[in-house]
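The block underneath contains the structure these notes are about, expressed in structure tokens.
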There are 2 protein chains.
Amino acid sequence: MAAYNIASGPASKFQRALNKPDTESTKIPKAVVSRLSLYLREMQQLLRENIATISSTKLGKRLGFTASQVRKDLAYFGQFGYPGIGYKCEEMVAEIRKILGTDRVWPVVLVGCGNLGQALLGYRGFSTQGFQVIAAVDVDQSVVGQKIEGLTIKHIDELTHLVESLGIRVAILAVPAKAVEAAVEHIVASGISGILNFAPVTLSLPRNIGLVEVDLARELEQLAFSVLQNAER
Amino acid sequence: MAAYNIASGPASKFQRALNKPDTESTKIPKAVVSRLSLYLREMQQLLRENIATISSTKLGKRLGFTASQVRKDLAYFGQFGYPGIGYKCEEMVAEIRKILGTDRVWPVVLVGCGNLGQALLGYRGFSTQGFQVIAAVDVDQSVVGQKIEGLTIKHIDELTHLVESLGIRVAILAVPAKAVEAAVEHIVASGISGILNFAPVTLSLPRNIGLVEVDLARELEQLAFSVLQNAER
DNA sequence: TAGATTGTTAATCGATTAACAATC
DNA sequence: TAGATTGTTAATCGATTAACAATC
């Protein structure tokens, strides 16, 4: 499984204590990062329920994981737990947000303002976790200049300028399949460092650009399959 | 990893030939099913490019998988390939759609017509793979009766009736976190067999109800993390 | 036929789980 | 202190990859 590369620069005190060479950095499996988001979500929920502290066993039960997995996952990033007590929710929320990078606001540009793009703009739920769509572009001159959700659509040729002047690092790609190639070229050229891709197309990007894919049709296919599987018994 | 249970009922000829007992059914890992959707998407793309036949090596390259993985994945479901030739795209598209269950039309009900729900309704991309949102419900009396995208919003109390009369098996859940519990009760009671959940909440459902989760905030968190990782090098 | 490519078995790799000393 | 729970190592499990006989 693909993995991220954590711990770079000079070896930390901890690494040196363990006598690990600089080059042997810790790999974080993608699956672990994905569960990290879930831990965050659940800890936020616990706080809403006025629960201050939780053990790996209980947290695991709520999420359907083993206690071992919870502890192992969290231990990738440091020693956050209190033996005999568990994890402090408020502390963990702050820690995980720091690790994920959502302890700050991320300005985002929407690329593609058709059906799906407008739908995504209408959904203000992104902002709850620190992502703010502050610019929107399209190739189609007939939509450029239109205002949706308080945002004026710009032409995609302005992308680089927008990205640089607004300090944008992340793009949401929501164009139809046939427009993907051109859009990706614009995005890469603009200096963007991450793409959330909603287009049902396999993207190949320079390795220094982050990529997360969401294909809603695919998710429904997975669901259809599982429904049929269940029905067969 | 969670897996689906395939092959039930009386043992197939094939199973008996292999002398496997009825109870030893083949498990399909979730990851395999997830890649199956990708194979489908890519084969459809190949057809658009007028490519009739593809080898596991080439298909793997396009998707970033090894040839072994492609062959192993597809072999879970039958012998579709032609030694010396590869896989016939048209045939595979039909086969995979049959396996996933998207060789038919799935009527879908949308539960929750707020921000996100309306956004999803506006996105007509579901229909391309055979999913049709034909009903929409909400708890809020003030939106009931409204028409969006040609669909009149009904009260959630009518869910069971809608599900039964329209033969709906799948619900898209798009309510805010605090409304999830009540909504899920309605859905379970209605006899729905699968939920595509957009609410950022861990659902626990009877095991005979299929579940796929999409949390857009979570996807952006994954992206933020990968951007930070890349930046660190 | 020779070349290409499959389906499948065995080998490898990585991720999950169990167990337990250390800690509060 | 006794009880609870962590972080981490070793054991287990499952998924991916390599290799190759069978096939077209």
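Values reported hereafter were calculated over all heavy atoms of this structure, with side chains retained and with hydrogens, waters and symmetry mates removed. Labels below follow one simple rule: chain letters A, B, ... track the order of the sequence lines, proteins then strands, and each chain is numbered from 1.
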#### Entry: Sorted by number, the residues of residues 61-68 of chain B with heavy-atom contact under 4.0 Å to DNA chain D
T66(B), S68(B)
### Polar side-chain atom of Q222(A) near backbone of S34(B) as donor-acceptor pair, under 3.5 Å
yes
### Message
Expressed as a whole number of angstroms, how long is the span from I85(B):CD1 to dA4(C):P?
### Response
13 Å
### Query
If you find the nucleotide of DNA chain D closest to L74(A) and the one closest to G84(B), which residue's nucleotide is nearer the 5' end?
L74(A)
### Message
OP1 or OP2 of dT16(D) versus the side-chain N and O atoms of Q69(B): is any pair under 4.0 Å?
### Response
yes
### Message
Before you tell me yes or no, could you show the steps for I209(A) and N230(B) under side-chain contact (heavy atoms from CB on, under 4.5 Å), namely the whole-Å CA-CA distance, both residues' side-chain angles and the distance that decides it to 0.1 Å?
### Response
CA-CA 7 Å; I209(A) 299 188; N230(B) 285 336; 5.9 Å; no
#### Entry: Minimum-distance nucleotide to K72(A) side chain [options: dG7(D), dC24(C), dT9(D)]
dT9(D)
### Query
Roughly, in whole Å, what's the span from NZ in K27(B) to C1' in dG14(D)?
13 Å
### Message
Between P on dA15(D) and CD1 on I28(B), what's the gap in Å once rounded to a whole number?
### Response
11 Å
### Message
If I take atom CZ in residue F77(A) and atom C1' in nucleotide dT8(D), what distance separates them, rounded to the nearest angstrom?
### Response
16 Å
### Task
Scan residues 68-90 of chain A for pairs that pass salt bridge (Lys or Arg N to Asp or Glu O under 4.0 Å), counting only residues two or more places apart or in two chains.
R35(A)-D73(A)
### Task
Please name all residues satisfying side-chain contact (heavy atoms from CB on, under 4.5 Å) with K61(A), sequence neighbours left out, ordered by chain then number.
T57(A)
### Message
Nearest heavy atom decides the nucleotide; on that basis, is Y82(A) or Y82(B) closer to the 5' end of DNA chain D?
### Response
Y82(A)
### Query
Partners of I51(B) by side-chain contact (heavy atoms from CB on, under 4.5 Å), sequence neighbours excluded?
L46(B), E49(B), R62(B)
### Message
Less than 4.0 angstrom between a side-chain N/O of Q79(B) and OP1 or OP2 of dT23(D), yes or no?
### Response
no
### Message
Measuring only between side-chain heavy atoms, which start at C-beta, is I96(B) closer than 4.5 Å to F80(B)?
### Response
no
### Message
Tell me the interatomic distance from K30(B), atom NZ, to dT16(D), atom P, rounded to whole angstroms.
### Response
15 Å
### Message
Checking S55(B) now: which residues fulfil side chain to side chain donor-acceptor pair (under 3.5 Å) with it, not counting sequence neighbours?
### Response
none
### Task
Write down the distance between NZ (K88(B)) and P (dT6(C)), rounded to a whole number of angstrom.
13 Å
### Message
Taking side-chain contact (heavy atoms from CB on, under 4.5 Å) as the definition, give me every residue that meets it alongside P83(A), ordered by chain and number, with sequence neighbours left out.
### Response
none
### Query
Picking from dT16(C), dT6(D), dT5(C), which would you name as closest to the side chain of A31(A)?
dT16(C)
Side-chain donor-acceptor pairs under 3.5 Å in residues 188-196 of chain A, sequence neighbours left out?
unit_1: S190(A); atom_1: OG; unit_2: I187(A); atom_2: O; d: 2.6
unit_1: S190(A); atom_1: OG; unit_2: I192(A); atom_2: N; d: 3.4

### Query
Separation of F80(A) atom CZ from dC24(C) atom P, in whole Å?
16 Å
### Query
Counting only side-chain N and O atoms of R35(B), is one of them less than 4.0 Å from OP1 or OP2 of dT16(D)?
yes
## Note on the structure
Those stems involving DNA chain C that have three or more consecutive Watson-Crick or G-U pairs, both distances under 3.5 Å, are C:3-24 with D:3-24
#### Entry: For N115(A), all residues meeting side-chain contact (heavy atoms from CB on, under 4.5 Å), sequence neighbours excluded
R124(B)
### Task
Using only side-chain N and O atoms of R71(B), determine if any of them is under 4.0 Å from OP1 or OP2 of dA4(C).
no
### Task
Taking only the side-chain nitrogens and oxygens of Y87(B), find out if one of them lies under 4.0 Å from OP1 or OP2 of dG7(C).
yes
### Task
Would you jot down, in residue-number order, the residues of residues 47-57 of chain A having a non-hydrogen atom under 4.0 Å from DNA chain D?
S55(A), S56(A)
### Task
Any side-chain hydrogen bond (donor to acceptor under 3.5 Å, both in side chains) involving residues 91-111 of chain B? Give me the pairs, sequence neighbours left out, ordered by first then second residue.
Y82(B)-E91(B)
For residues 197-205 of chain A, tabulate all N or O donor-acceptor pairs below 3.5 Å that involve a side-chain atom, not counting sequence neighbours.
unit_1: N197(A); atom_1: OD1; unit_2: A199(A); atom_2: N; d: 2.8
unit_1: N197(A); atom_1: ND2; unit_2: A199(A); atom_2: O; d: 3.1
unit_1: N197(A); atom_1: ND2; unit_2: V201(A); atom_2: O; d: 3.4
unit_1: N197(A); atom_1: ND2; unit_2: E213(A); atom_2: OE1; d: 3.2
unit_1: T202(A); atom_1: OG1; unit_2: R41(B); atom_2: NH2; d: 3.3
unit_1: T202(A); atom_1: OG1; unit_2: E42(B); atom_2: OE1; d: 3.0

